[in-house]
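Position 1 is the first residue of the sequence, and the numbers go up from there. Every number for a ligand or one of its atoms is a count from 1 in the order of the listing. Both backbone and side-chain heavy atoms feed into the values below; hydrogens, waters and symmetry mates do not.
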Amino acid sequence: MQIFIDTANIADIKKWYQTGIIDGITTNPTHLSAEGANPKEQILEICAIVKDGTVSVEVTEKEPEALYRQAKEIAALASNIVVKIPCHVDYFPVIKRLGAEGVPINATLIFSLSQALAAAKYSVRYISLFVGRCDDIGIDGIDLLGQICGAIHGHAFESKVLSASLRTVRQLQESIDSGADIATVPVEVLAKSLNHPLLTAGIETFNRDWQKLGIKQFP
Ligand code: E4P
């Protein structure tokens with residue numbers, strides 16, 4: 001299973017990418033806007049840091065033909081970019097066309113099994129289910145994730161199921177449990193998920209006991 005971080009912040013990307021546990025980055029217009037920098041330069045910098053992972057970059061155009069052209073331009077920025085396109089029926093012809101032209105696509109803003117199935121039929125690279133936003137409106141996002149994983153994996157589609165819009169450690173753990181191929185997490189959630197009170201207590205206990213020996217150098 002792969003772990004992506006959901007951010008456009010360069011410092012966070014550098015910090016987490018060097019750990020070696022991060023397989024890619026998902027950005028969106030909200031993340032890029034929050035950074036306040038030139039979005040093209042920001043994306044190029046991210047792509048250069050994340051050399052052997054993918055960087056998902058979302059289109060911002062609305063009209064299908066303009067969106068198609070923008071998607072091609074975004075894809076041409078770097079070889080590791082996956083273009084995020086809202087999984088809306090108005091954009092299905094564009095997704096089909098881009099797919100046929102070999103542009104890797106992340107079908108985003110997915111909230112239903114039908115949307116996921118449609119995206120899989122276009123062989124998109126990633127099917128991004130927004131678990132957190134489902135939970136926000138009383139739809140069980142993790143339950144839906146399980147259904148989508150069952151359908152996509154059960155029918156041997158080549159698309160990867162990406163659990164997105166995660167806000168809690170529990171959602172991350174349940175995404176792993178539900179069979180998602182990838183989970184994209186905010187860095188705060190990732191950091192929390194790797195902390196455990198028994199871990200810090202264990203390190204302190206071993207340190208304290210070791211000090212009792214009074215040894216200066218080991219080995
Ligand atoms: C996924 O690729 C999106 O960038 C992201 O997970 C959206 O999360 P949000 O619902 O917290 O905005």
Side-chain angles (χ1 to χ4, degrees), residues 1-10 12-13 16-17 22-37 39 42-43 45-47 49-50 53-61 67 70-71 74-75 77-78 80-88 91 95 98 103-112 115-116 118-120 122 124-145 148-149 152 159-176 178 180-193:
M1 180 178 177
Q2 295 192 317
I3 299 287
F4 291 179
I5 50 173
D6 199 24
T7 182
N9 182 275
I10 299 290
D12 284 340
I13 291 169
W16 282 99
Y17 201 67
I22 301 304
D23 304 289
I25 309 292
T26 49
T27 68
N28 62 36
T30 304
H31 293 325
L32 286 164
S33 170
E35 295 308 311
Q42 190 85 358
I43 287 161
E45 194 172 347
I46 295 169
C47 290
I49 298 165
V50 185
T54 63
V55 178
S56 290
V57 180
E58 191 155 344
V59 290
T60 54
E61 292 289 347
L67 185 147
Q70 188 189 31
I74 291 172
L77 289 176
N80 53 345
I81 285 181
V82 176
V83 184
K84 272 172 124 177
I85 300 181
C87 191
H88 189 286
Y91 302 136
I95 293 173
L98 289 167
V103 174
I105 295 165
N106 178 339
T108 191
L109 290 166
I110 288 187
F111 299 98
S112 71
Q115 273 183 293
Y122 293 121
V124 299
R125 178 81 63 94
Y126 305 134
I127 294 173
S128 286
L129 172 67
F130 276 42
V131 170
R133 292 194 197 185
C134 285
D135 285 354
D136 288 347
I137 58 161
I139 294 168
D140 188 334
I142 292 296
D143 185 60
L144 181 55
L145 177 66
I148 289 176
C149 288
I152 302 306
S159 303
K160 302 286 180 210
V161 180
L162 195 164
S163 181
S165 179
L166 301 176
R167 284 92 190 260
T168 66
V169 173
R170 189 181 178 111
Q171 286 171 338
L172 171 59
Q173 288 173 341
E174 290 181 341
S175 297
I176 297 167
S178 300
D181 298 297
I182 307 154
T184 189
V185 269
V187 290
E188 299 78 18
V189 175
L190 182 60
K192 270 191 210 162
S193 78

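- Asp135 and Arg167 are not joined by a salt bridge, as no carboxylate oxygen comes within less than 4.0 angstrom of a charged side-chain nitrogen.
- In summary, of the residues considered (Ile22, Leu162, Val50), a side chain to side chain contact (heavy atoms under 4.5 Å, CB included) with Phe4 occurs for Leu162 alone.
- Partners of Ser33 by side-chain contact (heavy atoms from CB on, under 4.5 Å), not counting sequence neighbours: none found.
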So what's ligand 1 close to, N/O to N/O, under 3.5 Å?
unit_1: ligand 1; atom_1: 2 (O); unit_2: Lys84; atom_2: NZ; d: 2.7
unit_1: ligand 1; atom_1: 4 (O); unit_2: Asp6; atom_2: OD1; d: 2.9
unit_1: ligand 1; atom_1: 4 (O); unit_2: Asn28; atom_2: ND2; d: 2.8
unit_1: ligand 1; atom_1: 4 (O); unit_2: Lys84; atom_2: NZ; d: 3.1
unit_1: ligand 1; atom_1: 6 (O); unit_2: Asp6; atom_2: OD2; d: 2.7
unit_1: ligand 1; atom_1: 6 (O); unit_2: Ser165; atom_2: N; d: 2.7
unit_1: ligand 1; atom_1: 10 (O); unit_2: Arg133; atom_2: NE; d: 2.7
unit_1: ligand 1; atom_1: 10 (O); unit_2: Arg133; atom_2: NH2; d: 3.4
unit_1: ligand 1; atom_1: 10 (O); unit_2: Ser165; atom_2: OG; d: 2.7
unit_1: ligand 1; atom_1: 10 (O); unit_2: Arg167; atom_2: NH2; d: 2.8
unit_1: ligand 1; atom_1: 11 (O); unit_2: Arg167; atom_2: NE; d: 3.4
unit_1: ligand 1; atom_1: 11 (O); unit_2: Arg167; atom_2: NH2; d: 3.3
unit_1: ligand 1; atom_1: 12 (O); unit_2: Arg133; atom_2: NH2; d: 2.8

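- Gln42 places no side-chain N or O within 3.5 Å of a backbone atom of Leu32 that could act as its donor or acceptor partner.
- No donor-acceptor contact under 3.5 angstrom links the side chains of Tyr126 and Thr26, judged on distance only.
- Side-chain contact of Gln2 with Asp181: a donor-acceptor pair under 3.5 Å is absent, judged by distance alone.
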